[in-house]
Amino acid sequence: MADDKARILKAPDLPTVVKGDGRYLMTLLRQFLTETAREVNLANGFTAEEIKSDGTSKVPDVKNFHLTFDRLGGVLEWDHTSKLDDLAYYEIRTNANVGGDIGLLERTRENTSTKLPLTYVGHVYCYVVLKDGEASAGAVIRYTKARPVAPTDLALTKDQQGTIVSFLAIPLDCIGANVYVNDEKYSVTDNLFLYTGGEVIKTVRVAYYDQFGEGESATIWCEIPDVTNFIVERNDSQLYFYWDALPIHGVHYIVKVGAVPDWDRALTIFDTKDNKHRYIYPNVGDYYMLIKAVDEHNNYSKNAAYVYLTNQKDEHKNVIIELDQKAVAYGGTKVGMYYDAVGGQLKLDRDAGLGEYIIDVQLPQKYRARNWLDFACIGQTNDTLCFDDMAWMWDSEEAARTVWNGTVGDLNGVQVRQEIARYVGIADDAFVDVMQMDGGLTSTKGNAPSDSHAIDYALGRWHKGATIGDTTRLAYEVNVPRTFTLSFNATAKNGLGDVLIATVAGDDGFLVLGYDAKDSCFFLRGSDGATVKTKPIAVSASGRDWYTIAVSQSDTERTLYAYSLEYGKTVSGSAMAAPIGTFSTIYLYPKL
């Protein structure tokens, strides 16, 4: 027996609980629950930050202040103060102004609260306030709660009672879900909803909500909505279709054409998943263009949106014009180029990085200018350009535009730009006038110059133009209103120094347009003291450039633009300035 008793193992030490010791058991349980809550809070909640005390308060600070979000909303919890007998209340606030009414959320003697700010991002303060009015330094929680995500697995099921709307379970940090059937709202606390209404279901939208509001939503379309904002634009034989896209997965669009707005009698011309399309419809006449949306289950929009379109005879078909320039020894306008008679070729000038060859073309009928056509290839040259010939810096604009190709080659790769037409103005439009000066000085509206002296003509970019020399005088009487836009086309062959290009004057003042060589910029000086300057744009190394300069005056602002063909860039400047007044004369030569 002694040996048998010796084999009995001693049990682990456990608390000795005697009858009537229930308080000790509750203490153990409370400690267990507190530790569990602390672990959960560290994973899913927000803990407090201590507020530095000035040392004057004798009230113990709030301990273990934390915030946890669950299915019932946000819950604030903290440990009771050690001075519970002297406690007046705990004060929950959105600011540190203890005792004030502004920012107060709740005063309570409990150690929990569900009072939070009405925002997804915020901060909450907790203070201990004793009966004698003293308050603790407090604690603060700064929280950021994500907005509820959109429900997934949204589905509809019919039964004898109605239609069951189901979706993925409500997240633990959300209270419930709002279910919208045909935009009528129903609130549920689980992920099933039975709709018993008699109205035919067109759309069902579901969104989770928490105590701060509603999150992202998911939608089921039971009836495909009609297409809206259907537009058809015609450009020659090209038809451009546009409409608003529908927020439905897998939707596509069918477009038909018909003599009457009847979907069943119309002919399908294309089917697309995009909300825009380009189509060539060569038939001439009056037609209805109709569109419907179709989902992945082959459900169509109830009604077709349509546009009534008149398709006129196309007068803008492509024209092929063949001109043999070699046969005429390249007699067109050569900009930055020359004709090599020995080789029968066009070549770039020695110091030119860009060349243009311009010829007149007689089109068989009127055409609308639509765009530019650009062609770019590998640049080549047979010039003997050397590094010593480069009189510009490596980081300059000239260097950026220069392609080093060696010394043997031809013009296979120069960039060619083709322009269909250029605007020369019409007599009955909104222009004050257009002075072309292409061999004559009379404007397009028959306005002869009020002063002209020593006028000579030289080749410009497109045609001849008046050359402004030291003794040139050229002025026109005009009627320019208070707000206006003026533009100038000018060619510089030997660079630009300090020069005054044009002056517009009237009884109320004047505007002077010029170029400042020191600052390398164009300027516009007004008699009202306002001066507008563009950003710097240096003169090219060759000195040759073609400029388009424009002045714009609105009711409040004066703007100057300058475009350089050589650099292919636009510079501008503006100043807040009221109109000077109307102008009656424009001087196209240096005149103050």
Side-chain angles (χ1 to χ4, degrees), residues 369 371-372 397 419 422-426 429-437 443-445 460-462 465 468 474-492 495-540 545-592:
N371 54 20
W372 288 82
E397 294 188 64
E419 186 184 64
R422 63 184 178 88
Y423 181 79
V424 295
I426 53 178
D429 61 9
F431 281 73
V432 174
D433 211 341
V434 178
M435 293 77 172
Q436 293 179 239
M437 296 174 279
S443 70
T444 56
K445 290 190 175 181
R461 178 164 183 247
W462 297 109
I468 307 301
L474 182 60
Y476 288 87
E477 299 295 332
V478 293
N479 185 18
V480 180
R482 295 176 66 254
T483 59
F484 60 88
T485 297
L486 292 178
S487 65
F488 305 86
N489 293 319
T491 300
L496 284 176
D498 292 330
V499 61
L500 301 181
I501 300 172
T503 301
V504 286
D507 295 336
D508 300 322
F510 59 84
L511 289 172
V512 176
L513 173 66
Y515 182 80
D516 187 339
K518 180 180 179 181
D519 294 336
S520 299
C521 67
F522 291 91
F523 66 86
L524 181 68
R525 185 176 71 249
S527 58
D528 57 355
T531 298
V532 180
K533 287 188 175 183
T534 67
K535 292 183 178 179
I537 180 166
V539 177
S540 66
D545 204 348
W546 297 262
Y547 299 101
T548 297
I549 308 167
V551 178
S552 175
Q553 173 68 66
S554 68
D555 289 330
T556 59
E557 189 174 11
R558 191 173 301 157
T559 308
L560 173 62
Y561 303 90
Y563 171 76
S564 165
L565 178 66
E566 179 73 11
Y567 291 128
K569 64 182 291 187
T570 300
V571 292
S572 63
S574 62
M576 303 306 295
I580 291 178
T582 60
F583 300 108
S584 57
T585 307
I586 179 170
Y587 302 94
L588 299 175
Y589 63 98
K591 180 180 177 65
L592 294 177

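Since we're looking at a predicted model, the values are computed, not measured.
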(request) Please test Leu524 against Leu511 for side-chain contact (heavy atoms from CB on, under 4.5 Å), starting from the C-alpha separation and ending with a verdict. (result) CA-CA 7 Å; Leu524 181 68; Leu511 289 172; 4.1 Å; yes

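Closest heavy-atom contact between Cys521 and Pro536: CB-CA, 4.2 Å. Between Ser520 and Tyr515, the shortest heavy-atom contact is CA-OH, 3.3 Å. When all heavy atoms are compared, the tightest approach of Lys569 to Tyr563 is O-CD1, 3.3 Å. The shortest heavy-atom contact between Gly506 and Phe583 is N-CD2, 3.7 Å. Nearest heavy-atom pair, Val504 versus Ile586, reported as atom, atom and distance to 0.1 Å: CG1-CG1, 3.8 Å. Heavy-atom minimum distance, Ala538 versus Tyr567: O-CE1, 2.7 Å.
The closest side-chain heavy-atom distance from Pro590 to Ile468 is below 4.5 Å. Leu474 has its side chain out of reach of Met435: every pair of non-hydrogen atoms, C-beta onward, lies at least 4.5 Å apart. The shortest side-chain heavy-atom distance between Val539 and Asp545 does not fall under the 4.5 Å cut-off. Proximity of Val551 to Phe522: side-chain heavy atoms (C-beta onward) are nowhere separated by under 4.5 Å. Side-chain contact between Gln553 and Leu486 is absent, with no heavy atoms from C-beta onward closer than 4.5 Å. Val480 has its side chain out of reach of Thr582: every pair of non-hydrogen atoms, C-beta onward, lies at least 4.5 Å apart. Under the 4.5 Å side-chain criterion, counting only non-hydrogen atoms from C-beta, Ile580 is in contact with Arg558.
Remark: Thr585 OG1 to Tyr476 OH distance equals 13.0 Å, nearest 0.5 Å. Taking OG1 from Thr534 and CG from Asp519, the interatomic distance works out to 9.5 Å, rounded to the nearest 0.5 Å. Here the CG-CG distance, from Leu500 to Leu513, works out to 8.5 Å after rounding to the nearest 0.5 Å. Rounding to the nearest 0.5 Å places OH of Tyr561 at 7.5 Å from OG of Ser574. Between the CD1 atom of Ile501 and the OH atom of Tyr589 there is a distance of 15.5 Å, given to the nearest 0.5 Å. Separating the CG atom in Leu560 from the OG1 atom in Thr531 is a distance of 11.0 Å, to the nearest 0.5 Å.
Applying the 6.0 Å contact sphere to CZ of Phe488 captures more than 12 heavy atoms from other residues, nucleotides or ligands. Counting heavy atoms of neighbouring residues, nucleotides and ligands inside a 6.0 Å radius, atom CG of Asn479 does not exceed 12 of them. Around atom CG of Asp507, no more than 12 heavy atoms belonging to other residues, nucleotides or ligands sit under 6.0 Å away.
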